[in-house]
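What follows is one structure encoded as structure tokens, with my remarks underneath.
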Amino acid sequence: MRVKLWGTRGSVSNPSAGTRRYGGNTSCVEIRGTAGEVVILDAGFGLHWLGQRLMGEGFSSGSEAHVLLSHLHWDHIQGLPFFTPMLVEGNHICVYGPGVNGQGLKDALMCQMERAYCPVPNFFDDSIGARLTVHEFDNASFTIGGVEIRARQIHHGDAAVCLGYRIENDGGSLAYLPDVDYTDPEHFESALDLAEGVDLLIHDSLNREDEEPVKGHATDADAVRVGEQAGVEQVMLFHHHPDRSDDEIDAVVASYAGHRIRVSAAAQGDEIRLSS
Amino acid sequence: MAEAYATGYGGNTPCLEIDAAGQSIIIDAGTGIRGAGQALVARGVEQIDLLLSHTHWDHIQGFPYFPPLDEESVTVRVHGLRHSSPSLHEVFSGQQQAPFSPRPLAKVRAKLEFIEHEDGDQFHLGETKVTCRRLNHPGITAGYRVESGGHVLAYICDTDLDGDVLHVDGLDQAVDDAGWLEQLRQNARDLGHSADVMVCDTFFLPEEFEPLWGHSCPDEFLRLAAEVDAAGIWLFHHRPGRADSDMDGILERYRSAAVAEGVQLHAAREGVEVSL
């Protein structure tokens with residue numbers, strides 16, 4: 001499978017001179033299975049640009065894309081109203097994500113496109129644009145073509161329901177844990193389970209150990225610890241703090257030089273191939 | 001003109017900061033408001049007036065990340081046109097409700113006030129006189145005229161200056177479309193007359209124009225500026241796909257027309273500061 005990073009930033013976008021290399025868009029990762037399956041992890045601002053690329057590749061009537069949401073904080077869904085393939089009739093867009101307290105996933109996504117906020121017709125309403133299927137779950141295992149997916153709840157603060165994903169295709173594997181905290185040792189269990197032995201662990205690194213922590217998030221040290229314990233090939237630091245400059249991220253990565261597992265930082269636009 | 005960094009028209013959604021004789025005024029709450037807020041907190045500013053054009057995402061999505069909201073000593077007054085349902089306050093509460101945001105609006109430390117004005121209202125913020133007028137956009141949208149120390153900045157965004165009437169909510173049904181269109185054009189003239197700077201909605205170029213989107217081209221704003229004797233215009237609300245080189249090309253394309261109209265032509269660049 002091929003993995004492309006369209007958005008790497010956490011909380012809120014920060015496109016600026018100082019964030020040009022690692023990128024300013026909020027979370028969005030594209031996965032292409034070997035049979036051309038389009039699987040998308042999270043729908044931050046990067047999703048708009050992925051949508052433009054898909055349209056440029058002729059993504060039109062009859063095409064299918066699968067958007068897996070970790071949770072519904074803005075930085076993980078704010079690109080959806082600007083995802084052009086959703087306006088094309090005949091396309092089939094499947095959105096997957098966690099249930100929401102007292103409100104269905106589909107209702108929550110419709111809220112984002114209410115008229116006060118968004119002039120585009122509400123394409124979470126069934127009658128508009130692409131055919132839409134919404135799958136709501138807390139834990140699940142399923143396949144999309146030849147792409148195997150497993151979702152499990154991970155801990156992200158006390159209020160949010162957040163999912164991590166494990167994706168396998170063509171002998172390659174990755175785990176996606178974009179927003180996660182380990183305030184209780186029990187929180188490691190589901191993270192380790194999803195990440196066990198993967199080629200690539202994409203992991204929250206919003207916080208740093210010497211800074212006041214933002215609740216619900218992990219540090220680069222947490223990410224590396226999970227990577228080591230799960231026996232992964234490579235840890236990719238992700239969900240960068242909006243204020244973290246390119247130079248600061250370089251310094252974090254450099255601090256793991258010579259470490260026994262490879263540590264990198266997610267940079268918008270980068271592409272990686274994973275296979276057996 | 002001093003530039004905060006060397007290149008780039010920027011990637012944040014709309015936000016302008018005005019320091020009018022010590023009065024801190026922000027126009028629109030796009031993602032740029034986070035950086036503006038960091039500077040306001042650093043300067044210890046305790047009274048902030050936010051003039052909101054309208055409530056589409058790109059004009060409000062930065063608000064939950066506005067650092068002054070964390071300060072108990074700060075008062076933020078949010079001004080906009082009257083929104084009957086949902087109210088301005090409800091729109092902002094909605095943005096910060098679960099599952100979208102970890103912090104509800106009611107939990108922010110700063111004191112918040114929402115002030116809904118009528119079309120044509122004039123009010124004073126310290127010594128600064130502000131006029132708000134309705135514009136032509138899908139959604140209730142205000143433009144602002146800010147007058148301080150004998151200088152005028154007009155913010156006329158988002159609007160389709162010469163298109164059909166796009167949104168009738170709150171408009172007097174007894175007046176026909178032609179009457180409203182003339183009224184909305186007159187509103188833009190009233191906002192912009194003799195302005196030092198007119199900040200313009202120039203999302204489109206003529207060959208890209210879409211009639212229902214509620215945006216204009218540089219052509220219409222150059223004509224308006226000449227008609228109302230404004231000294232200069234800033235192209236603003238740049239289309240997301242425009243590269244810096246595209247913006248340079250647009251400036252080049254309209255240079256001679258601007259000279260012919262006697263209007264100074266600039267394109268808004270993120271980080272740039274101007275004294276009037």
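Nothing here was measured: the structure is a model prediction, and the numbers come from that model.
Few gaps surround CZ on B:Arg103; more than 12 heavy atoms of other groups in view lie less than 6.0 Å from it. No more than 12 heavy atoms of other residues, nucleotides or ligands sit less than 6.0 Å from atom CD of A:Glu212. Counted within 6.0 Å of CZ on B:Arg239, heavy atoms from surrounding residues, nucleotides or ligands total more than 12; the atom is thus considered enclosed. Counting non-hydrogen atoms of neighbouring residues, nucleotides and ligands closer than 6.0 angstrom, the CG atom of B:Asp248 exceeds 12 such neighbours. A:Glu57 CD: more than 12 foreign heavy atoms inside a 6.0 Å radius. The neighbour count for A:Asp158 CG, taken as heavy atoms of other residues, nucleotides or ligands under 6.0 Å away, does not exceed 12. Within 6.0 Å of CD on A:Glu271 lie more than 12 heavy atoms contributed by other residues, nucleotides or ligands.
Between chain A and the options B:His137, B:Gln95, B:Gln38, the largest number of non-hydrogen pairs under 4.5 Å is found for B:Gln95. In terms of heavy-atom pairs under 4.5 angstrom with chain A, the leader among B:Pro99, B:Gly139, B:Pro138 is B:Pro99. Contacts with chain B were tallied for A:Ile77, A:Asn25, A:Val12; A:Val12 has the most, counting heavy-atom pairs under 4.5 Å. By number of non-hydrogen pairs under 4.5 angstrom with chain A, the leading residue of B:Gly32, B:Gly35, B:Pro240 is B:Pro240.
When side chains are defined from C-beta on, A:Pro242 counts as touching B:Arg34, because their heavy atoms get closer than 4.5 Å. In this structure the side chain of B:Pro102 reaches within 4.5 angstrom of the side chain of A:His73, judged on heavy atoms. The shortest distance between side-chain heavy atoms of A:Cys111 and B:Gln97 falls below 4.5 Å.
Both the backbone and the side chain of A:Asp243 have a heavy atom closer than 4.5 Å to some heavy atom of chain B. Proximity to chain A is absent for every atom of B:Leu212, based on heavy atoms less than 4.5 angstrom apart. Only the side chain of B:Pro86 has a heavy atom closer than 4.5 Å to any heavy atom of chain A. Of the atoms belonging to A:Ala160, not a single heavy atom falls under 4.5 Å from chain B. With a threshold of 4.5 angstrom between heavy atoms, A:Gln112 approaches chain B through its backbone and through its side chain.
Taking every heavy atom of both residues into account, B:Thr55 and A:Ala116 meet most closely at OG1-O, 2.6 Å. Among all heavy-atom pairs drawn from A:Phe45 and B:Gln61, the shortest one is CZ-NE2, 3.4 Å. Considering every non-hydrogen atom in both B:His56 and A:Cys118, the closest pair reads CD2-N, 3.8 Å. Taking all atoms of both residues into account, the shortest heavy-atom contact from B:Gly11 to A:Pro15 is C-CG, 3.4 Å.
Judged by distance alone, with hydrogens and angles left aside, the side-chain atoms of A:Tyr117 form a donor-acceptor pair with the main-chain N or O of B:Val91 at under 3.5 Å.
Separation of atoms CG (A:Asn14) and CG (B:Asn12) is listed at 6.0 Å; rounding is to 0.5 Å. Here CZ of A:Arg115 is found 9.0 Å from CD1 of B:Ile140. Values are rounded to the nearest 0.5 Å. One finds the CG atom of A:Leu72 at 12.0 Å from the OG atom of B:Ser101 (value rounded to the nearest 0.5 Å). With values rounded to the nearest 0.5 angstrom, A:His76 atom NE2 is found 14.0 Å from B:Phe100 atom CZ.
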